[in-house]
Undergrad: 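My structure is below; once you've seen it, I'll send some questions.
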Amino acid sequence: MKQIYIENMPNLPFNVSEALNQLRVSLGFAGEDIRTIMITSSTPNEGKSFVTMQLWKMMSEVGNRALLIDCDMRNSEMKNKWGFQAEEDIVGIVHFLAGKAEINDIVYSTNIANGYIIPVATNVPNPTILLESQRFRELLDVCKHEFDYILIDTPPLGSVADAMNIAPKTDGSLLIIRSGQTPRKVVENSVSLLRRVGVPLLGVVLNRADTSKHGNNYYYNHYYQYGYYNDKDGYYGKK
Ligand SMILES: Nc1ncnc2c1ncn2[C@@H]1O[C@H](COP(=O)(O)OP(=O)(O)OP(=O)(O)O)[C@@H](O)[C@H]1O
Ligand SMILES: [Mg+2]
């Protein structure tokens, strides 16, 4: 298997990694059949890719075979941002969905033990047809048998329909909310979009919450909170 070396993996402050660890543990309690998880948000820049990557790393580190699939095919920044290094040209999900590569060509091992990745490699302006293809389903079906967890990074719900296309093929979704920025109405709209496609909302992540407002004295005030979304009908999502 080919390898991607991830050069820029930041060390997180204790409170951030602890909050993410709680998220990882909570997902473990979501049920044994919850293994293909989509990570999305309402608007750009809320922290989807950051949370996906860190969660994937933590899952791998505790011994789960974890696969990260980058499905932000229009605007993937992972390769540059995280500093992907490989011996040959990287091929990714777009190559596979377009019929130019096979599954074995696009799954990379990494320098994180048990951590595997399917990168984007080449951004495309309109991946809708690719996401609706039988090959996408086939990819998830095959990978489900090979990995304990599959984490799927997606574009925001409010911008394009990609995440809505991906959602029904997964076991559940996580909604990232950038604290203090994303309006409540916008978040509510995202929740109803996810509900409409029938994907369980496993939880919401309140990202970059300012802990100083809560009287804490962290030197690093961007952290995560993980919670369940309650609407007027009560609990929404899997117990
Ligand atoms: N909790 C955090 N603390 C500090 N920096 C963060 C945090 N979450 C995200 N960031 C930073 O904020 C920026 C946006 O995050 P990220 O790229 O993960 O967002 P995104 O939702 O994937 O964006 P896009 O919609 O463009 O895909 C990145 O530079 C990321 O490193
Ligand atoms: Mg992203």
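Counting convention: from 1, in listed order, for ligands and their atoms alike. All heavy atoms count here, side chains included; hydrogens, waters and symmetry mates do not.
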Undergrad: What part of E77 sits under 4.0 Å from ligand 1 if we count only heavy atoms: the side chain, the backbone, both or neither?
TA: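 No part of E77 comes within reach of ligand 1.
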Undergrad: Tell me, please: is K81 in heavy-atom contact with ligand 1, that is, under 4.0 Å?
TA: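 In this structure, K81 qualifies as a contact of ligand 1 - some heavy atom is under 4.0 Å.
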Undergrad: Can you tell me if K2 uses its side chain to pair, donor with acceptor, with the backbone of D105 under 3.5 Å?
TA: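 Judged by distance alone, yes, a pair lies under 3.5 Å.
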Undergrad: To which of N8, N207, V51, N45 does the heavy atom nearest atom 26 (O) of ligand 1 belong?
TA: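 Ranked by closest heavy atom to atom 26 (O) of ligand 1, first place is N45.
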Undergrad: I need the atoms of ligand 1 closer than 4.0 Å to a non-hydrogen atom of D72, numbered in the order shown.
TA: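 In order of number, 27 (O).
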Undergrad: Can you name the nearest heavy-atom pair linking I90 to H95, along with the distance?
TA: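 For I90 and H95, the tightest heavy-atom pair comes out as O-CE1, 4.2 Å.
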Undergrad: Around the Mg ion (ligand 2), how many protein N/O/S atoms fall inside 2.8 Å?
TA: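 Protein N, O or S neighbours of the Mg ion (ligand 2) under 2.8 Å, waters not counted, come to 1.
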Undergrad: Can you list the ligand 1 atoms lying under 4.0 Å from a non-hydrogen atom of K48?
TA: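 Under 4.0 Å from K48, ligand 1 has these atoms: 18 (O), 19 (O), 20 (P), 21 (O), 22 (O), 23 (O), 24 (P), 25 (O), 27 (O).
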Undergrad: Can you check whether V204 reaches L174 side chain to side chain, under 4.5 Å on heavy atoms?
TA: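 No, their side chains stay 4.5 Å or more apart.
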Undergrad: Will you find, in the side chains of T110 and Q3, an N or O donor that is under 3.5 Å from an N or O acceptor?
TA: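 Judged by distance alone, the side chains do not pair up.
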Undergrad: So for ligand 1, is D153 a polar contact partner (N or O within less than 3.5 Å, distance only)?
TA: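 In fact, backbone or side chain, D153 has no N or O that close.
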Undergrad: Within the supplied structure, the quantity of interest is the number of heavy atoms (other residues, nucleotides, ligands) at a distance under 6.0 Å from D89 CG; does it exceed 12?
TA: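 Counting neighbours around CG of D89, 12 or fewer heavy atoms of other residues, nucleotides or ligands fall under 6.0 Å, so no.
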Undergrad: With a 3.5 Å cut-off and sequence neighbours excluded, list the donor-acceptor pairs that the side chains of residues 144-163 form with protein atoms.
TA:
residue: H145; atom: ND1; partner: D141; partner atom: O; Å: 3.0
residue: D148; atom: OD2; partner: R65; partner atom: N; Å: 2.7
residue: D153; atom: OD2; partner: S49; partner atom: OG; Å: 2.6
residue: T154; atom: OG1; partner: I39; partner atom: O; Å: 2.8
residue: T154; atom: OG1; partner: T40; partner atom: OG1; Å: 3.2
residue: D162; atom: OD1; partner: R74; partner atom: NH2; Å: 2.8
residue: D162; atom: OD2; partner: R74; partner atom: NE; Å: 2.7
residue: D162; atom: OD2; partner: R74; partner atom: NH2; Å: 3.4

Undergrad: Would you mind listing which atoms of ligand 1 come within a distance below 4.0 Å of any non-hydrogen atom of P44?
TA: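 Listed by number with element: 25 (O).
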Undergrad: Measuring from F84:CZ to I4:CD1, what's the distance to the nearest 0.5 Å?
TA: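 Spacing of CZ (F84) from CD1 (I4) equals 5.5 Å.
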Undergrad: Are V186 and L206 co-members of a hydrophobic cluster defined by side-chain heavy atoms under 4.5 Å apart?
TA: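 Different hydrophobic clusters.
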Undergrad: Considering only heavy atoms, which of G47, S49, P13 lies nearest to atom 19 (O) of ligand 1?
TA: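 Selected option, by shortest heavy-atom distance: G47.
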Undergrad: Restricting to non-hydrogen atoms, name the atom on A167 and the atom on V199 that form the minimum distance, rounded to 0.1 Å.
TA: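 It is O-CG2, 3.6 Å.
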Undergrad: With a 3.5 Å cut-off and sequence neighbours excluded, list the donor-acceptor pairs that the side chains of residues 123-136 form with protein atoms.
TA:
residue: N123; atom: OD1; partner: S76; partner atom: N; Å: 3.3
residue: N126; atom: OD1; partner: T128; partner atom: N; Å: 3.2
residue: N126; atom: OD1; partner: T128; partner atom: OG1; Å: 2.8
residue: E132; atom: OE2; partner: N165; partner atom: ND2; Å: 3.3
residue: S133; atom: OG; partner: L130; partner atom: O; Å: 2.7
residue: S133; atom: OG; partner: R135; partner atom: N; Å: 3.4
residue: R135; atom: NE; partner: F96; partner atom: O; Å: 2.6
residue: R135; atom: NH2; partner: F96; partner atom: O; Å: 3.1
residue: R135; atom: NH2; partner: A101; partner atom: O; Å: 3.0
residue: R135; atom: NH2; partner: E102; partner atom: OE2; Å: 3.4

Undergrad: For the 3.5 Å polar cut-off, considering only N or O atoms, please tell me whether S41 and ligand 1 meet it.
TA: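 Not met; the criterion fails.
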Undergrad: Check salt bridge (Lys or Arg N to Asp or Glu O under 4.0 Å) between E77 and all other residues, then give those that pass, not counting sequence neighbours.
TA: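 None.
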Undergrad: One residue to check: V16. Relative to ligand 1, which of side chain, backbone, both or neither has a non-hydrogen atom less than 4.0 Å away?
TA: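 For V16, no heavy atom sits under 4.0 Å from ligand 1.
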